Amino acid sequence: MVALFQINYFSMKTKLNLLLILGLPFGIFSQNTCSTAIPITAGIYTVAVIDGSEAPTPICAGNGPVTTNPAGEWYVYTPTDDYTVTVSTDLSINAGGDTRFHVYTGTCGALICHAGDDDGGSGFLSVSTFSVITGVTYYIAFDNKWSSNGFDFELSESFLPPPIPAPVTFTGNTIPSISGTYQIAVADMNNDYLDDIVTVSSSSIQIHYQQAGGGFTNTTVSTTDADFPPSWSLAIGDFDKNGFNDIVYGGGSGVTFMRANNDGTAYTEISGSEYVFSQRSNFVDINNDGHLDAFVCHDVQPNVYYINDGFGNLTFHQGGLGDHPQGGNYGSIWIDYDNDGDQDLFIAKCRGGGSTAGINELHRNDGNGVFTDVSIASNMSDMLQTWSSAWNDYDNDGFMDGLIGASSTSDGSHKLMRNNGDGTFSDVTAGTGWEGNLSLSIEHVSYDFDNDGFADVLGGGNKIMYNNGDMTFSPVVYSFSNGAIGDLNNDGFLDVQNGATIHLNDGNDNNWIKISMQGIQSNSNGIGARVEIYGDWGIQIRDVQSGIGFRYMNTLNVHFGIGQATEIDSMIIRWPSGVVDGVENPTINETFHAVEGTHPLSLLSIDGESIHIYPNPAVNELTIENLAKIDASSVTIVSNLGETVMELNPTQKNVNISKLETGLYIVIIETKNGAKYSESFIKK
């Protein structure tokens, strides 16, 4: 039900003349403050200019408060029934505009955020869908964060079946000390396996370190002025393998790296001279050499990437991973869609107007950094306007599926693509609940928010689409929009940080496991690893990723919900190096710290004789039993930080380790056919 009601569609002069004719006081149409907000119903309205004396507060959409000459325009809406309401400036008349709005409950002077949006529509226009209750008053306020220019907006109402009860609720918790221009990242920054909150300004990095007993401690580190602040995206990872995470900023005209020193207390700026209109940025080991590279979507040219030489030096490259000369590259995400052990690349593209720069792309990693465009062959080539896609195994069959999230309906709406397991995908959108989801967004990400064992999607309209376990999804609307995601109170349930507020997941009685990753041969963060858990449900899988959705950086820890199951039969971790760790019956409802090579499935057994190392712990000498039975090409010993400390003769059975320092080490054996095996030992 949409009624058109244009009380505010006249010019200011026309409105004044009409008021004088009617003998009405001019102030009745004022909308410059909350207390004088114009009452509206369903319809289309015109905001002539944003110049009201009261700027909206608190901020319910992204990107922080207005800092220069803040102003607002106010409307008040009281529904006559329980509706799903959409407020949108994503109208053709507003093409090229940039808007932001906030929706409140409460009373003037004591407003509470209910919804809001910045760039959820086409370009920089705004749209948000939210639930309303009969008789409750809602205030809708536009601000001049990006522009004071006028525009039209539409409020529409629709009757929907009653929503399912929220599987989980969230409680807002404001942390006033969170500051900084870009409040868009959550990651462990001090190696305690707890998610921290990272905010960035042009000349500083602020970290709220999560404490084991709860709460946060706040540290701000000054940096040199970043040539290119993260105006579009941010990703985190340890690209120099010194044990502390570095940051890549995707800026509007270039890329900046902030490199952590050896104790994480300072950062060195590295800014490229190349022009890059950055969109999504990622850390990923593109050539699978054990060292993180960086990838950045280019809006108007072919994509760029930075190859790591193994010593933390990054070399700029352009082309080969999305080469359309007009760009159109918005949301890159790295997943192993074909289960061959390396990371493939999907690019969510947005251009509109029929441009071929808007056709989505899938690039298959053929190994060692060679990629093949399989967009058409896989059935993932689609001119759907999208800024991001959410990938997960939605049907728990062991293959990654893709939810292509629409940012505009100009070329179609959301598509749910099921992985057929043979390198192709099928459009299964009809009947899944996604075909009826009218909410658009630039951000779509997938996590199991209710820990029931099935991956959900957080997208537009302040909405989580909950996976019902049968490849159908049900919407639940919340008071918050997209933000950085992580476990911010270490309770095993995922929370959402939006600005200075963390929306803590109140959880339920479902069980879970969380895995923190430490690569040795692979990159330090284990980015690109595949984690599998097996139990009564069959299989669940996750890929470790840095930079998903469009803008935010989310936790590098791996989360699984297992519903009411009380145990996990086994967990397998397939590291990018090829090392495979296996753990029988890992403990649930706690964090498992996975160190590459310390939980091998087994070393080789040949003719009934196992190949293993002893004694363990060892003091002066280590023996590799039955090594002669394996056709080894190399045998190395590395420290728990990934540093090679000894290279052995491939036939050497007895090893003198007396000169090694006390600590944990890993023996890594590679055969001539490329198989890798590992075993850990302790040097006393």
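As the structure is a prediction and not an experimental result, all values here were calculated from the model.
Checked against the 6.0 Å centroid criterion, the rings of Tyr305 and His317 qualify as a close aromatic pair. Aromatic ring centres of Phe473 and Tyr394 lie closer together than 6.0 Å.
Using modelled atom types and a 3.5 Å distance limit, the side chains of Asn498 and Ser481 yield a donor-acceptor pair. Looking only at atom types and distance, the side chain of Glu269 has a donor-acceptor partner in the side chain of Ser271 under 3.5 Å away. At a cut-off of 3.5 Å, with distance as the only test, a side-chain donor of Ser439 or Lys463 sits close to an acceptor on the other residue. A donor-acceptor pair shorter than 3.5 Å cannot be found between the side chains of Asn365 and Gln343. Between the side chains of Glu443 and Ser388, no donor-acceptor pair of N or O atoms lies under 3.5 Å. No hydrogens or angles considered: a donor-acceptor pair under 3.5 Å links the side chains of Asn262 and Asn242. His593 and Gln518 are linked by a side-chain donor-acceptor pair at a separation below 3.5 angstrom, with hydrogens and angles left out of the test.
Applying the ring-ring contact (aromatic ring centres under 6.0 Å, His included) test to Tyr249 and every residue at least two apart in sequence or in another chain returns nothing. Partners of His291 according to the ring-ring contact (aromatic ring centres under 6.0 Å, His included) rule, which considers only residues two or more places apart in sequence or in another chain, do not exist here.
Between Trp232 and Phe124, the ring planes lie tilted relative to each other; the angle falls in the 30° to 60° range. Ring orientation note: the planes of Tyr478 and Phe480 are close to parallel, at an angle under 30° on the 30°/60° scale. Note on ring orientation: taking the six-membered ring where Trp is involved, the planes of Phe425 and Tyr337 are tilted (angle from 30° to 60°). Taking the six-membered ring where tryptophan is involved, the planes of His414 and Trp434 are perpendicular, since the angle between them exceeds 60° and thus also 30°.
Counting non-hydrogen atoms of neighbouring residues, nucleotides and ligands closer than 6.0 angstrom, the CD1 atom of Ile376 reaches no more than 12 such neighbours.
Note that CD1 of Ile184 is 10.0 Å distant from CZ of Phe550, once rounded to the nearest 0.5 Å.
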